[in-house]
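Working notes, structure below.
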Amino acid sequence: GTDASGNAFQAQAKATKISRGGATLLIDVDVAVGSTVKLVPPFGDKLDAEVNGSWIDDIDGNRRIGVKLLDDNGWFAE
């Protein structure tokens with residue numbers, strides 16, 4: 001993806017919530033809302049997603065982003 005400064009990045013992330021069309025990811029990179037990122041899950045193919053939220057959690061102080069998968073079939077895309 002591209003971070004808030006416009007620099008390309010590659011980072012590990014952990015999904016904390018998953019829905020058919022997206023996910024909430026725990027990540028240590030400041031990613032701007034509207035950025036496109038490529039997700040590489042441990043199963044299946046790579047998926048493009050758009051960042052639709054970015055925040056620091058009040059409870060644990062960790063950064064999270066919300067992503068919307070760009071394929072209509074979500075995680076079940078072929």
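These numbers come from the heavy atoms of this one structure, side chains and all, not from hydrogens, waters or symmetry mates.
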| said: Quick one, V37 with V31, criterion side chain to side chain contact (heavy atoms under 4.5 Å, CB included). Give me CA distance, side-chain angles, the key distance, then yes/no. | reply: CA-CA 9 Å; V37 294; V31 185; 4.3 Å; yes
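- Partners of A13 according to the side chain to side chain contact (heavy atoms under 4.5 Å, CB included) rule, which considers only residues two or more places apart in sequence or in another chain, are L25, I27.
- For K38, the NZ atom counts as densely surrounded, since its 6.0 Å shell holds more than 12 non-hydrogen atoms of other residues, nucleotides or ligands.
- Atom CG of L69 is separated from atom OG of S19 by 7.5 Å, given to the nearest 0.5 angstrom.
- Atom-to-atom distance recorded for L47:CG and L70:CG is 9.5 Å, nearest 0.5 angstrom.
- Listed by first and then second residue, the salt bridge (charged side-chain N to carboxylate O under 4.0 Å, His left out) pairs that reach into residues 15-32 are D30-R63, sequence neighbours excluded.
- Between W55 and I65, the shortest heavy-atom distance links the atoms CZ3-C, 4.0 Å.
- Put simply, V29 and V67 are part of the same group of oily side chains (I, L, V, M, F, W, Y) that touch within less than 4.5 Å, one to the next.
- Considering every non-hydrogen atom in both L39 and A49, the closest pair reads CD1-CB, 4.0 Å.
- G61 approaches I56 most closely through the heavy-atom pair O-CG2, 3.5 Å.
- In terms of the side-chain hydrogen bond (donor to acceptor under 3.5 Å, both in side chains) criterion, residue partners of N62 (sequence neighbours excluded) are, by chain and number, D60.
- Note: N52 CG to E50 CD = 7.0 Å, rounded to the nearest 0.5 Å.
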